[in-house]
Each structure stands twice: as structure tokens, then as C-alpha cells.
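Each ligand, and each atom within it, is numbered from 1 in the order the structure gives.
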Amino acid sequence: MKLSERMSQIQPSPTLSINTKAKALRAAGVDVISFGVGEPDFDTPEHICRAAVDAIKEGFTRYTAVGGIDELKDAIISEFQGSYGLSYGREEIVVSCGGKHSLYNLAQVLFDPGDEVLIPAPYWVSYPDIVRLADAVPVILPTYEQDQFKLRPEVLEEAITAKSKGLILNSPSNPTGATYTKAELEKLAPIVLEHGLPVISDDIYYRIMFEGQPWVNLAMVSEELRKQTIIVNGVSKTYCMTGWRIGYLAASAELVGAVTKIQSQSTSNPTSIAQKAAVAALVGPQHCVDEMVAAFEQRRDHMTSRLESLPEVKVIRPTGTFYIFANFSSYYGRAYDDQVIEGSLDLSAYLMDKVHLAVVPGVAFGEDRCLRFSFAISMEQIDRGLDRLTEALSALR
Ligand SMILES: Cc1ncc(COP(=O)(O)O)c(C=O)c1O
């Protein structure tokens, strides 16, 4: 059977395939240490699980409203009021099966064939393919290491054409762990406003911020910008609920209506039980989030200082998320067994083969000089992994 032309345009998610490879090796008895993990290593908090069990026991197991139950929309609205200081009505919220699904739906309702969508690199691996699946064109914008890979206003300005239909911003960023400050967003704001460019703000890591720094997005900069910004968020990372598949977005009633329509002809509602669990997550006790973020911050400190002590490695100190992006390009051109390391793919393959260490090659995020390390693993694993990294790097000639 012949597959559609569309399928030749996209790649399987490289981060998922690295984790699959690590799992397969582990199943074969190999002691793999994986820095490839894209989810918190903590369990979903007990009170959230209990809400799901209660939902099952109470028979809350049928179709719900396509765009999510009112109880969950109200919890999301309170969260937007509390954490963002922004007011939305129920008609401006739609719940989907994960933040990724929200982003996919958005691309389907916003973009026509040939539309250009601006994506600063390094970017989350799925953005370009989500855009391509809408027959639109991802336009990758360069950023600079000395700016912690954050978008410069002049780069944005230069990239905008009559075909530009959107900009995707992600802060804190996967893969760099960098976060935009209000002052930085205020510099992007006039350009976005002048060109009427819709912004998709992917806030999925918004609660994972270090050193008590304030988190801010473009919609919070001014009321005009709020109207032009679509906010995507979800419970996956904040409440260790990656498997539950609940994401949501806030936008105009018109756009929310369009996303709901797509959902009505594709997935229908997100899982009823998971919606009840998400309500418990958003309105319940929040100390589980604080504890997780404190653990991530300790690991970040430890891992950053160990990576910084490696010769010729440049580290972007993350201000949020559970990722560290580090530049290993000075090791490119070196060799082992006559095999020359040409880039991040070769280096990550070498680390897997030589010391059974899984890392994600930066090329997957559009930045070949770097590797991404997740610290959603225990401190003991981090130390063992970094010992292996040190050994493998020192064997390169
Ligand atoms: C930047 C970014 N956005 C969105 C998502 C989607 O998360 P989910 O679909 O689990 O809500 C992820 C998950 O890895 C992510 O890293």
C-alpha cells in the first residue's frame, strides 16, 4: 500500500527513538544510563491518582464535552488568573490530549499550504513536523550561544515576510533550559504587533523555574499582545502526568471553536478520567510541584558544575526545565578507532556504543554543536553517567 506524500515530509520524534533504543539495550541486559529522558522521574502525586480512581468508581467513564469538562476549564481559568494574571472565559479554553495535541490542532486551524511559521532554533523537535503536517513551511531562525540561544529582535524582524503566519516561542525552552525575561520579550513585542504576527507561546515548563525567578510570557506583556498570543500549556511536566495526556490552550473564542471542531472530527474529548485527575492537579495542593522543582534545581547545580569542569565543553546554565544543552563541538574532528566524530549524531552514537550513555544529539533540535542532557534521573545516575562521559571524551584523539 502506498503511503501519502505527507509521510515523506516528517521524521519520527528523535527523542522518542533514543529512549526506545536505550530501553531495548536495557531489556537485553546492558546497563544503559539515559540522559535522554523527556519527563519528570517522579510519580504522579497520590491525590491526583486518587481523583482518577474516584472518577472510575463514580462511573465518570463516558464521552464528555469535546473541548473538556467545565470543571476542568474552570480550574484552568483559575490557574491562568493565579499564575499569569490573565482572565479567560470558558469559551476561550479548549482541552486536548496533551500539549502536543494542542499544538497539532492549532497548526491545523491556523495554517494554509505555503504559510511560513517562524521557529527559533534550537527548537523542540516536534515543531517543524507539526507545521509540515499542516502543509505549511517551518522557517528556522538562527540564535546565538552568547544570548543563551534566545531570539534577537533584528533576526525576527528580518525573517518576517507576507507569508509569515505565526511565531512559536517556548520559555523555559526545551532543549536549552533558557527563559525569556520581561525585558527581552518587550523588545520582541513591537515587531510582533507591527506585523500582526500570531504568537504561539508554549509554556509547558512554566512552573519549572530555578532560583525563584519570575516566569513571564508574551501574552502577559500587554493586553494587545494577549490578543495576539495563543497560550499552550498542560499538566504533563508540572504534575508528572506525561502519560495522562491532558494539554490545553487559551485563545479567542473563534480559534477555540475551530480547535473544538477539529477535535470533534478526530479524537473527541480527552479521556474523562484524566480530565478529573487534571482538575485535582490544578486545584489541589501544590507542594508536590515545589518539591520536584527543588530536586531539579539541586541536580541542575550539580550537573552544571560537573559539565563545566570538563575540558572544552561550553554549558548554557539552565534557568528552567530539566535539560542542559552543552556545546561539545571542540571534540568534533577527533577520532576513535579511525572513526572521526563529525557532529552531534556521531558523538551521541559513540557515547552509546562506547560507554552505554544515551544523550540527544543537538542536530535533532537544529543545533549540531550541542548535546542535550536531561536531569530527570537520580543524582546517583547523573554521577555515574558523567563519569562515563568523562572517560569516553578522554579516549578521543
Ligand atoms: C517544549 C515542549 N512542548 C510541548 C510538549 C508536549 O507535552 P505533552 O504533549 O506531554 O503535554 C513537550 C514534551 O516534551 C515539550 O518539550
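- Between Y323 and ligand 1, no N or O atom pair is found at a separation short of 3.5 Å.
- Atom numbering of ligand 1 starts at 1 in the shown order; those under 4.0 Å from a heavy atom of G98 are 9 (O), 11 (O).
- Near Y127, meaning under 4.0 Å from any of its heavy atoms, are these atoms of ligand 1: 1 (C).
- In summary, the atoms of ligand 1 found under 4.0 Å from a heavy atom of S236, numbered by their order in the structure, are 8 (P), 10 (O), 11 (O).
- Those atoms of ligand 1 that come under 4.0 Å of a heavy atom in K237, given as number and element, are 12 (C), 13 (C), 14 (O).
- By the 3.5 Å distance cut-off applied to N or O atoms, T242 is not counted among the residues near ligand 1.
- In summary, the aromatic rings of F328 and F373 are positioned with their centroids under 6.0 Å apart.
- A salt bridge links D129 with R132: the distance from a Lys NZ or Arg NE/NH1/NH2 to an Asp or Glu carboxylate oxygen falls below 4.0 Å.
- Because its NZ or CZ atom is not both nearer than 6.0 Å to the ring centre of F322 and within 45° of the ring axis, R299 does not count as a cation-pi partner of that residue.
- The ligand atoms of ligand 1 that sit less than 4.0 angstrom from a heavy atom of G99 are 8 (P), 9 (O), 11 (O).
- Residues L249 and I230 come closest through the heavy atom pair CD1-CG2, 4.3 Å.
- Contacts between W244 and ligand 1 below 4.0 angstrom, taking non-hydrogen atoms only, are absent altogether.
- When Y332, Y336, Y331 are each tested for a ring pair (Phe, Tyr, Trp, His ring centres under 6.0 Å) with Y350, only one passes: Y336.
- In summary, the atoms of ligand 1 found under 4.0 Å from a heavy atom of N170, numbered by their order in the structure, are 1 (C).
- By the criterion of a heavy-atom distance under 4.0 Å, neither the backbone nor the side chain of H101 is placed next to ligand 1.
- M352 shares a hydrophobic cluster with L25, V30, V32; the chain of contacts runs through ILVMFWY side chains whose heavy atoms sit under 4.5 Å apart.
- Which parts of ligand 1 touch N174 is read off a 4.0 Å heavy-atom cut-off, strictly below it: atoms 1 (C), 16 (O).
- When the heavy-atom distances from atom 12 (C) of ligand 1 to Y123, Y248, W124, Y104 are ranked, the shortest goes to W124.
- Numbered from 1 in the order shown, with element, the atoms of ligand 1 that lie under 4.0 Å from a heavy atom of R245 read 8 (P), 9 (O), 10 (O).
- Contact check on R369 versus E145 returns a salt bridge, with a Lys/Arg side-chain nitrogen under 4.0 Å from an Asp/Glu carboxylate oxygen.
- Judged by the 6.0 Å distance and 45° axis criteria, R317 is not positioned over the aromatic ring of F210.
- In this structure, D112 does not pair ionically with K163, as no charged nitrogen and carboxylate oxygen lie closer than 4.0 Å.
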